[in-house]
Protein chains: 2
Amino acid sequence: MGSTIPFSPTNRLLDSLPEKEKEPFLADCETVEMTFGQLLAEPGDNISYAVFPLDCFISLIATLASGDQLEVSMAGKEGMVGIPLVLGAQTSALQMLVQGAGPALRISSASFQNHLARSPILEGLMKRYLNVLLNQISQSAACAHYHALEARMARWLLMTHDRTHGEQLHLTHEFLSSMLGVRRAGITLAATALQRRGLINYQRGRITVQNRAGLEEASCQCYATDCDIYDEMLEQVSRRTSISESSHAQDKRSFHFG
Amino acid sequence: MGSTIPFSPTNRLLDSLPEKEKEPFLADCETVEMTFGQLLAEPGDNISYAVFPLDCFISLIATLASGDQLEVSMAGKEGMVGIPLVLGAQTSALQMLVQGAGPALRISSASFQNHLARSPILEGLMKRYLNVLLNQISQSAACAHYHALEARMARWLLMTHDRTHGEQLHLTHEFLSSMLGVRRAGITLAATALQRRGLINYQRGRITVQNRAGLEEASCQCYATDCDIYDEMLEQVSRRTSISESSHAQDKRSFHFG
DNA sequence: TCCGGTCGGTGCGGTATGGCACATAAGAAA
DNA sequence: TTTCTTATGTGCCATACCGCACCGACCGGA
């Protein structure tokens, strides 16, 4: 197997499964193309599929009773969406929004839960990811509360950049404002500042990162912390894979989802 | 059994275990008295015990690289602390701080994980709780970002009040300020406003709730949402128990941890 | 009873952001 | 090209909160 499916998955979570576990799992997955702006779930919706990004990424967005929204997490090829399924729940309290278009593996909820029940390894993997998510969301809470917009925006751009292989990002100020929970004019100001410093370049819904190192300077520590959180998990999860760079927590460095 | 231990547990999670599961679990627990201000774990610490509050409560606090802190969740008799253990992790990224003194059951990490591995019912229970936690933390993130201090403080007081059976709360402005992530002077202002409205009364580290309904008015919707989140879980978890009041989501009402 | 420490009240200026509103510009469609 | 739509730039005022600083009030211990 592996040759009978379109292309071998590069989702980092699934990749770390031993061949014996991976094969039957993939047999129940299908490859789908996620499109930009696609809503996989609204708060309260039933979850039909667990989704493992191959080369796309998805935002998890909390919604308050008032309708105010805030992105609390992001899942790219290092993760998955559909966490409640792992916990035996069928509904999502978070909105799931496709932010980066591209292929993903998906598996029906029922099938996913079957596999979970049968494979302790798969379940362990999901648990480790869940632990990351928990820590990451907690951190996001504090970050959104304490850090200035410009730094948070830099962080967000870096995280997104990591998940899109350096392509230009397809997003408007309006959209960014809803992710970061500020008004659009605030984004314009922050973006202008970053652009003036030569860190990014943007025009009508397209942002390109021009100077990663500079952006890292401009971002809050949370970016580095996030990288560490994921690195730690990926190291635990795939000891087989040699993770060349990035191992020490202190110094700033980019996190390459590769 | 149950008569051989000091008193029957009233932790709502454990209570919902069937007798057959509860008995061996409790046999490995010990009752301990949590004291106010006790630090169960600092970020990064190993977790020695899972703790199930009987009549106390514990805050979970996120810490940023800068040292800034923000409370992201609270566990009373409706919950537990030591969630990472459920996920196979041994360390806590969050600080765990005892806020309400009183008895709790605790079980060593190893023993807890043993029970988890053997009892699918226990594990299911923990998963449901974990799901609640995830949703609750996500909501807290948005709440801390969007809502005004006074409303957040009202919410916090209500949540704490629910977990202390109407006793007066032992907390200083200084302390509250670190929970809510604002400076102390801000708490003084908000507290003064609430007191002027006759909702609370305070003096040197002691706060009493004078008018619950009024406080609910003053709090953000997040309080009601929180109650709903927990109610939903507890209903799922203990169908046996007749949960008399509180079932509909819309209207504001207090949540009685009883 | 006095002292020292903790806790709470208050003031002042600074700033990041909100709300609102409108002007401009760049693409897309016609 | 012209027109329309969407995206961005900007201005103005309001305000919630920060940082700092200091004072006064209460409480417990000596």
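Protein chains get the first letters and strands the later ones, always in sequence-line order, with residue 1 at the start of each.
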Q: Taking all heavy atoms of L215(B) and all of L194(B), pick out the closest pair and write down the distance.
A: CD2-CD1, 4.2 Å

May I have the distance from [X] (atom [atom1]) to [N] (atom [atom2]), rounded to whole angstrom?
| X | N | atom1 | atom2 | result |
| --- | --- | --- | --- | --- |
| L176(B) | dG8(C) | CG | C1' | 13 Å |
| H170(A) | dT6(D) | NE2 | P | 14 Å |
| R206(A) | dA26(C) | CZ | P | 14 Å |
| R184(A) | dG9(D) | CZ | P | 8 Å |
| Y202(B) | dG8(C) | OH | C1' | 7 Å |
| R152(A) | dT17(C) | CZ | P | 8 Å |

Q. Would you say the base of dG19(D) and the side-chain of R183(B) have a donor-acceptor pair closer than 3.5 Å?
A.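 When only heavy-atom distances are counted, R183(B) does reach the base of dG19(D) through a donor-acceptor pair under 3.5 Å.
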
Q: Spell out yes or no: do the side chain of R204(B) and the base of dT6(C) have one donor N/O and one acceptor N/O closer than 3.5 Å?
A: yes

With a 3.5 Å distance limit and no angle check, can you tell me whether [X] reaches the backbone of [Y] through a side-chain donor-acceptor pair?
| X | Y | answer |
| --- | --- | --- |
| D45(A) | E42(A) | yes |
| S59(B) | I61(B) | no |
| H145(B) | A144(A) | yes |

(Q) Let me spell it out: for each of E150(B) and A185(B), pick the nucleotide of DNA chain D with the closest heavy atom. Which residue's pick is nearer the 5' end? (A)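 That would be E150(B).
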
Q: Select from T172(A) and H145(A) the residue whose nearest nucleotide in DNA chain D is closer to the 5' end of that strand.
A: T172(A)

Q. Are Q203(A) and dA25(C) close enough that a side-chain N or O sits under 4.0 Å from OP1 or OP2?
A.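 No.
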
Q: Consider the side chain of T188(B), meaning its heavy atoms from C-beta on, and name the nucleotide among dC20(D), dG8(C), dG11(D) that approaches it most closely.
A: dG8(C)

